Amino acid sequence: MVDAKGRNMKCLTFFLMLPETVKTKSRSKKGPKKGNTNSSRLPPVCYEIITLRSKKKKMAAEIFPSKKPATTTTTTTASVQECHQQNLNNNNTIQATNWQGIYPTIRERNSVMFNNELMADVHFVVGPPGGTQRVPGHKHLLLLGTSIFHALFYQEYSESKKRISLPDVEPTAFCIKSKYIYCDEIDLAADTVLATLYAAKKYIVPHLARACVNFLETSLSAKNACVLLSQSCLFEEPDLTLRCWEVIDAQAELALRSEGFCDIDFQTLESILKRETLNAKEIVVFEAVLNWAEAECQRQDLIVTNENKRKVLGKAIYLVRIPAMALDDFANGAAQSGILTLNETNDIFLWYTASKKPDLQFVCKPRKGLIPQKCHRFQSCAYRSNQWRYRGRCDSIQFAVDKRVFIAGFGLYGSSCGSAEYSAKIELKRQGALLGQNLSKYFSDGASHTFPVWFEYPVQIEPDTFYTASAVLDGNELSYFGQDGMTEVQCGKVTFQFQCSSDSTNGTGVQGGQIPELIFYA
C-alpha cells in the first residue's frame, strides 16, 4: 500500500463480521443499488475490510512494567498483596476473580499458579513415608521445564494419572525446583541446597543445578569441605570437587577436626587419607580417623570399642602415616590409643629407633604437603640509624587478590644491629572483622632477609576484596625496612594489589615500611 506521499506502508488486513442489523441500516441510508437483483440471497452477515498500520511487537513486560505507577489504587495494591501472600502457602487458592489483570507479565502470572490448586491437573506426593507433602502441579508448565516431566506425564504414566509418588525427593527441594520452573526464581539456603541439587540433577534442570554448585562454592569452608567433597563426587561435579580439595589441602587440620568429617562415607575417607598434599600433622590425621570410626560405629549400631573401631576402619588404618609422626606424638598418642595391636606398636617403635627397620603395612613416607609461595612487595630493603623503631606500634597494609588463596603467614624483617629476639602479633582482617591472628616469637640473626611468622591455620582469602594485614612487633628498636614498594605484584597465577591502611600507626605504606612478604598457598 502507498500513502499520499508515495511511501510504502506495511498493513494488516482484518475481516470484521458485521451483524445483519448493521447491514440493513447501511442499506437504508444509501438506498438499493441498481441492478442488484440478488439481495435476498446474501448471507445473514456482511464483511467489511479494515486496514491498520502495523507496529513493532512488544512484550507484556515492556507494555506493563512490573513497577506499579504512583496512581495505582489502594484496592488493586491490596489485591496484589493478598494474592501474593496466598501463593506462599501450600495448596493456596485465589480469591480475586480478575487476578490475571493484576499481574502484567507471563512470569508473574505463572508464579501465581505455583503450588496452587487452581486448575491443577496432577498432584505429587513428595518425601519419604511419614514426612510426605502433597504438592499440586500443572502439566503444561512443568513439562516446559524439563523433559523428565514429559516422560512422567505422557510416557511412563497414563495421561489420566493424577497422583505421582516421589519418595526420594525432599519436599522443600521439590518446591524450590518447581518454583524455578514456574517463576524463574531460585531460593537457595545452606540447609536445603544439597537436596535441591539432587532434585535438579534428577529432573535434568541444568541451570538450577549450576546455581546450586555456585552457591556451594561460595559458601565452601574448612567446616563443610569434606562433606561437600563427598557430595560433589556423588553428583559428578568436577569443579566443585577441585574447590573442595583446595580447601582441604590448605586448611587440612581445620577440615579434619570439623564435625562434617565424621559424616563422610568410607570411599571419601580413603581418598582423603591417600592425599599426598594434605597440609596437616599426622597426629591430627590419626585423631580425625578415630573420631570418624566412632561415628561409623554408631551409624552401624555397634558398641563403640577399640575393636569395633578397627573393624569399621579396615585397611584404611594403614593409610594413616603413623611412622611419619614425631616420636612424641606417637608415644603419647597413637601408641596409647588402643587401636593398634601390640605387634604393630612394637614394630613402629623399632622403626623409630632400630638401625634395621622392620617391614610395616603402614605408609612410612611423610606427606609432601603444600609448598608455600611468597609475595614480595618491596624491590629492596635498607636501614638507617633512626629507622625502623617499633615501640609496640602497628604496621599495616591492605591487599587484594584476583584468585582465591590461603594466607599462611607473613615474612617480617629483623634487627639491623645484631641478633635479637622479637615478639610478633600478626592479624588478618576483612572490613574490620578478625579472620586470623597469632602471637609468636622469632629470632633474627641480624641479616636483611625476612623471617616467617605463621598463623595457627591458613586464612581463606576471596578475590576482589581488600584485606588488612597487620603486625605489632616488640624487640630490638632498630630494624630493616622495605623501600621501592609496588602497588601490583604478580606471583605465579595470582596478582596482588596493595594500598595503604588507616590502621598503620608506624609509617608502613605501599612505598615503604614493614610486612614485606605475604606467605600463601594457591
Side-chain angles (χ1 to χ4, degrees), residues 145-146 148 168-170 172-177 179-181 185-280 285 288 292 295 369-370 401-407 435 457-465 492-494 520-522:
T146 170
I148 296 298
D168 60 326
V169 181
E170 291 291 334
T172 302
F174 184 84
C175 288
I176 292 173
K177 180 266 308 171
K179 186 175 183 180
Y180 170 73
I181 293 176
E185 295 178 7
I186 301 176
D187 294 328
L188 298 177
D191 56 343
T192 60
V193 63
L194 285 175
T196 304
L197 178 58
Y198 172 78
K201 289 280 189 175
K202 177 181 174 68
Y203 292 100
I204 313 179
V205 189
H207 297 295
L208 179 59
R210 185 68 252 169
C212 292
V213 172
N214 290 339
F215 182 94
L216 291 171
E217 289 181 353
T218 303
S219 59
L220 182 61
S221 67
K223 294 181 179 180
N224 59 16
C226 294
V227 172
L228 293 184
L229 175 66
S230 176
Q231 297 297 323
S232 67
C233 296
L234 175 66
F235 293 131
E236 298 181 348
E237 288 290 341
D239 291 342
L240 181 58
T241 301
L242 180 61
R243 281 287 296 116
C244 290
W245 278 125
E246 289 176 358
V247 174
I248 294 172
D249 281 343
Q251 297 180 306
E253 294 191 0
L254 282 175
L256 293 172
R257 286 170 172 161
S258 67
E259 294 182 3
F261 178 79
C262 296
D263 296 329
I264 61 177
D265 57 273
F266 184 78
Q267 289 74 20
T268 305
L269 173 70
E270 286 188 311
S271 65
I272 292 176
L273 296 182
K274 292 176 182 178
R275 192 74 173 173
E276 190 70 28
T277 51
L278 209 61
N279 199 36
V285 178
W292 181 90
L370 292 177
V401 292
D402 62 343
K403 292 181 176 61
R404 184 180 290 106
V405 299
F406 299 85
I407 298 295
L435 303 178
Y457 303 108
V459 180
Q460 181 170 314
I461 302 298
E462 299 297 331
D464 305 322
T465 301
K493 297 181 180 180
V494 183
F520 67 98
Y521 301 118

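In this chain, residues are counted from 1 in sequence order. Because the structure is predicted, anything quoted here is derived from the model rather than measured.
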Side chain to side chain, [X] and [Y], heavy atoms closer than 4.5 Å:
X	Y	result
Lys179	Asp187	yes
Leu194	Thr196	no
Arg275	Thr277	yes
Val227	Phe261	no
Phe406	Gln460	yes
Tyr180	Glu185	no
Phe235	Leu197	yes

Would you please name every residue forming a salt bridge (Lys or Arg N to Asp or Glu O under 4.0 Å) with Glu462, sequence neighbours left out?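 If we apply the salt bridge (Lys or Arg N to Asp or Glu O under 4.0 Å) test to Glu462, skipping adjacent residues, the hits are Arg404.
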Which of these, Thr218, Leu216, Asn224, sits in a side-chain contact (heavy atoms from CB on, under 4.5 Å) with Leu220?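 Result: among Thr218, Leu216, Asn224, Asn224 is the only option passing the side-chain contact (heavy atoms from CB on, under 4.5 Å) with Leu220.
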Quick one: pull up [atom1] in [X] and [atom2] in [Y] and give me the separation to the nearest 0.5 Å.
X	Y	atom1	atom2	value
Ser230	Ile272	OG	CD1	8.5 Å
Lys403	Phe520	NZ	CZ	11.0 Å
Leu228	Leu240	CG	CG	6.0 Å
Leu278	Asp249	CG	CG	6.0 Å
Ile407	Leu435	CD1	CG	11.0 Å

Might you point out which heavy atoms bring [X] and [Y] nearest each other, and give the distance in Å?
X	Y	value
Thr268	Cys226	CG2-O, 4.2 Å
Ala222	Ser258	O-OG, 3.9 Å
Asp402	Asp464	CA-OD1, 4.3 Å
Ala209	Ala200	N-CB, 3.7 Å
Ala250	Asn279	O-ND2, 3.9 Å
Cys212	Val193	O-CG2, 3.8 Å

Please confirm whether Lys177 makes a cation-pi placement over Phe174, using NZ or CZ under 6.0 Å from the six-membered ring centre and within 45° of the ring normal.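 Yes, a cation-pi geometry holds between Lys177 and Phe174.
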When you measure from the side chain of Glu170 to the backbone N and O of Ala195, does any donor-acceptor pair fall under 3.5 Å?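 Flag not set: sc Glu170 to bb Ala195 has no pair under 3.5 Å.
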Is Trp292 reaching over with its side chain to a backbone N or O of Ile264, donor-acceptor style, under 3.5 angstrom?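 Judged by distance alone, yes, a pair lies under 3.5 Å.
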Lys202 and Asp168 ion-paired at < 4.0 Å: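 Yes, Lys202 and Asp168 are salt-bridged.
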Return each pair, listed once, that meets salt bridge (charged side-chain N to carboxylate O under 4.0 Å, His left out) where at least one residue sits in residues 209-226; pairs must be two or more places apart or across chains.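 Every salt bridge (charged side-chain N to carboxylate O under 4.0 Å, His left out) pair that includes a residue of residues 209-226, provided the two are not neighbours, is Arg210-Glu217.
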Taking only residues at least two apart or on different chains, which pairs with a member in residues 233-247 satisfy side chain to side chain donor-acceptor pair (under 3.5 Å)?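 Qualifying pairs: Lys201-Glu237, Ser232-Thr241, Arg243-Glu246.
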